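A quick write-up on the structure given underneath.
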Amino acid sequence: MKTPIIAPSILSADFADLEKTFKMLNQSEAEWIHLDVMDGNFVPNISFGMPVIKNLRKLTTKVFDAHLMIEQPERYIHNFKVIGVDVLTVHYETQIHLNRTIDLIKKIGMKAGVALNPHTPVSLLKDIIAELDLVLIMSVNPGYSGQKFIEHSYQKITEAKELISATGSKALIQVDGGINAANAPKLYAAGADVLVAASYIFNHDNPLKAIRNLKYF
Ligand code: DX5
Ligand code: ZN
């Protein structure tokens, strides 16, 4: 049975006990771990950066999926590779030379993703989609966990799916923000390959069960 890839975002985890969080994640059926890096400029919030990710890398062999909500992410591509990131996603809205940034991420040996804010149309990816490993559709305004899912995101998933099949792109569609057990099946049916969730998983009494709820329905 084909199922979505689940990428728990540790943004809602207990930052005083990330070792415990990673023990749970290692036991879970989540394949990826989503790392939200924020700079207080591109988004209002500041989260964590490279020293934290470098240390977390010792705690798991799961895929490290870093979502960079920072200005000029191209300055740090090499650093993220060195600390063990596997999938590196930059925001479309931060880029003047997106093609150059994507080339560099791939040349260094990571998978390359582009994230779209809720107001950024999928059609803007037309001339780069063939180069991408991942398209991240933000279903909340980036910056915080625990926000309400934006319903228009389904439409954007459909558009991304159409663009991907029309161009023969191999890009995965990732959706991030406000995801829970109620909307996960609909997102998967619409074409999402990777589901990110923070508050639904980490506020659940049983995070392992929450991860299963997002994956099997
Ligand atoms: C928001 C982050 C998300 C966030 C998701 O800016 O990119 O990854 O952690 O949190 P929930 O699942 O609570 O909306
Ligand atoms: Zn994210």
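One-based numbering, in listed order, for ligands and for the atoms of each. Values below: every heavy atom of this structure, side chains too, minus hydrogens, waters and symmetry copies. Here the structure is a predicted model, which is why all the values come from computation and not from measurement. When a residue number appears, it is its place in the shown sequence, counting from 1.
For atom 3 (C) of ligand 1, the closest non-hydrogen atom of the protein is D176 OD1, 2.9 Å. The single protein non-hydrogen atom nearest to atom 12 (O) of ligand 1 is A198 N, 2.8 Å, given as residue, atom name and distance. Of all protein heavy atoms, the one lying nearest to atom 13 (O) of ligand 1 is S199 OG, 2.5 Å.
With respect to the Zn ion (ligand 2), D36 has OD1 as its nearest N, O or S atom. For D176, the N, O or S atom with the smallest separation from the Zn ion (ligand 2) is OD2. Looking at H67, its N, O or S atom nearest to the Zn ion (ligand 2) turns out to be ND1.
Side chain of D65 to backbone of P8: no donor-acceptor contact under 3.5 angstrom is found. Checking side-chain atoms of S139 against main-chain N and O of G177 turns up a donor-acceptor pair under 3.5 Å.
By the 4.0 Å heavy-atom criterion, F149 is excluded from the residues contacting ligand 1.
Here is the list of ligand 1 atoms found below 4.0 Å of a heavy atom in Y144: 1 (C), 6 (O). Those atoms of ligand 1 that come under 4.0 Å of a heavy atom in D36, given as number and element, are 2 (C), 3 (C), 4 (C), 7 (O), 8 (O), 9 (O). Counting atoms of ligand 1 from 1 in the listed order, those under 4.0 Å from a heavy atom of H67 are 7 (O). Residue G143 approaches ligand 1 through these ligand atoms, each under 4.0 Å from one of its heavy atoms: 1 (C), 6 (O). Heavy-atom contacts of M69 reach the following atoms of ligand 1: 6 (O), 7 (O) (cutoff under 4.0 Å). Within the listing of ligand 1, atoms 12 (O) sit less than 4.0 angstrom from a heavy atom of A197. Interface of V196 with ligand 1, defined as ligand atoms under 4.0 Å from a residue heavy atom, comprises 8 (O). Remark: ligand 1 atoms within the under-4.0 Å shell around heavy atoms of G177 are 14 (O).
At a threshold of 4.0 Å, the pair K23-D17 does not count as salt-bridged, since none of the basic side-chain nitrogens sits closer than that to a carboxylate oxygen. Salt bridge present: K215 and E31 bring a charged side-chain N and a carboxylate O closer than 4.0 Å.
Not less than 6.0 angstrom separates the ring centroid of F149 from the ring centroid of Y200.
Only side-chain heavy atoms of S9 come within less than 4.0 Å of ligand 1; its backbone N, CA, C and O stay farther off. Under 4.0 angstrom from ligand 1, there are no non-hydrogen atoms of Y200.
Inspection of the S12 and S145 side chains reveals an N or O donor paired with an N or O acceptor under 3.5 Å.
Within a 6.0 Å radius of NZ in K111, other residues, nucleotides and ligands contribute 12 heavy atoms or fewer. Within 6.0 Å of CD on Q155 lie more than 12 heavy atoms contributed by other residues, nucleotides or ligands.
By the 30° and 60° cut-offs, the orientation of the rings of F15 relative to F48 is perpendicular. Taking the six-membered ring where the residue is Trp, H91 and F42 present tilted rings, their angle falling between 30° and 60°.
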